[in-house]
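The structure under discussion appears below in the form of structure tokens.
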Amino acid sequence: QVQLVESGGGLVQPGGSLRLSCAVSGFTLDYYAIGWFRQAPGKEREGVSCLSSDATLYYADSVKGRFTISRDNAKNTVSLQMNSLKPEDTAVYYCAAHRHYYCPGYGWWAPYEYAYWGQGTQVTVSS
């Protein structure tokens, strides 16, 4: 049974940091690209980052230079280090698996490209 479980969300002040983790089970992480998405109230789900099995990276312009995605295949986890957080980063964050080694080349940010999803973890940036 495929499962993705996010953790690490919480309340943080503007300028602070959080590290999200996505623990996967039921499939071999080596063979899948993993994406992070977020959804704020009243907004569509948007792509934040994607990491291919060959370490190719993608980031949304809004998080470049602040967020870093990484993976540990031995531990079956993917992490999202978030620094210099802003109030507009407030959202539920989801990890998702794409059934291919590589992030979707023409639409890594598109939720429909990802077959498996976690339940999400809330990130709130507020003073």
Side-chain angles (χ1 to χ4, degrees):
Q1 181 182 358
V2 173
Q3 268 196 313
L4 295 91
V5 180
E6 303 93 338
S7 61
L11 173 65
V12 64
Q13 292 187 341
S17 298
L18 280 176
R19 185 177 182 86
L20 305 183
S21 292
C22 174
V24 307
S25 60
F27 64 94
T28 304
L29 186 59
D30 308 51
Y31 302 141
Y32 288 75
I34 300 294
W36 281 96
F37 289 78
R38 65 187 181 186
Q39 188 165 18
K43 294 189 176 182
E44 293 186 355
R45 193 167 296 189
E46 64 171 349
V48 174
S49 182
C50 186
L51 178 57
S52 298
S53 292
D54 69 346
T56 302
L57 300 166
Y58 297 88
Y59 292 102
D61 288 343
S62 58
V63 306
K64 277 180 184 175
R66 301 189 298 122
F67 290 11
T68 303
I69 190 172
S70 61
R71 65 196 292 159
D72 186 335
N73 289 346
K75 295 182 179 179
N76 263 14
T77 59
V78 179
S79 298
L80 185 69
Q81 177 67 41
M82 306 187 296
N83 299 328
S84 302
L85 283 161
K86 305 175 181 180
E88 51 264 42
D89 294 319
T90 295
V92 177
Y93 283 72
Y94 301 88
C95 62
H98 174 62
R99 285 186 290 195
H100 197 274
Y101 289 106
Y102 306 112
C103 297
Y106 293 102
W108 69 265
W109 59 85
Y112 64 78
E113 293 282 1
Y114 295 78
Y116 307 111
W117 290 82
Q119 82 291 346
T121 185
Q122 176 70 47
V123 171
T124 302
V125 185
S126 175
S127 55

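The figures that follow rest on heavy atoms only: side chains count, while hydrogens, waters and symmetry mates do not.
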Say whether [X] and [Y] are linked into one hydrophobic cluster, either directly or through other cluster members, by side-chain heavy-atom distances under 4.5 angstrom.
| X | Y | answer |
| --- | --- | --- |
| Tyr102 | Ile34 | yes |
| Trp36 | Tyr58 | no |
| Tyr116 | Tyr31 | yes |
| Leu18 | Val78 | yes |

Compare all side-chain heavy atoms of [X] with those of [Y] and state whether any distance is below 4.5 angstrom.
| X | Y | value |
| --- | --- | --- |
| Pro111 | Phe37 | yes |
| Asp89 | Arg38 | yes |
| Ser126 | Leu11 | yes |
| Asp54 | Tyr101 | no |
| Tyr94 | Leu4 | no |
| Arg45 | Trp117 | yes |
| Tyr114 | Trp108 | yes |

[X] [atom1] to [Y] [atom2] distance, which is reported to the nearest 0.5 Å:
| X | Y | atom1 | atom2 | value |
| --- | --- | --- | --- | --- |
| Gln119 | Cys95 | CD | SG | 7.5 Å |
| Ser17 | Phe67 | OG | CZ | 9.5 Å |
| Tyr93 | Glu6 | OH | CD | 12.5 Å |
| Ser84 | Arg66 | OG | CZ | 7.0 Å |
| Leu80 | Ser70 | CG | OG | 8.5 Å |
| Asn83 | Arg19 | CG | CZ | 9.5 Å |

Would you confirm whether [X], through its side chain, and [Y], through its main-chain N or O, come within 3.5 Å as a donor-acceptor pair?
| X | Y | value |
| --- | --- | --- |
| Tyr59 | Ile69 | yes |
| Thr90 | Val125 | yes |
| Thr77 | Ala23 | no |
| Arg71 | Leu51 | yes |
| His98 | Ala33 | no |

Is it the case that atom CD in Glu44 sees more than 12 heavy atoms from other parts of the structure closer than 6.0 Å?
no
To check you understand the geometry: which heavy-atom pair defines the closest contact between Ser79 and Ser21, and what is its length?
OG-OG, 3.8 Å
Show your reasoning for whether salt bridge (Lys or Arg N to Asp or Glu O under 4.0 Å) applies to Lys64 and Asp61.
CA-CA 5 Å; Lys64 277 180 184 175; Asp61 288 343; 3.2 Å; yes
Among Val92, Leu20, Val5, which residue meets the side chain to side chain contact (heavy atoms under 4.5 Å, CB included) test with Thr121?
Leu20
Ignoring hydrogens and geometry beyond distance, is a side-chain donor-acceptor pair present between Asp30 and Ser53 at under 3.5 Å?
no
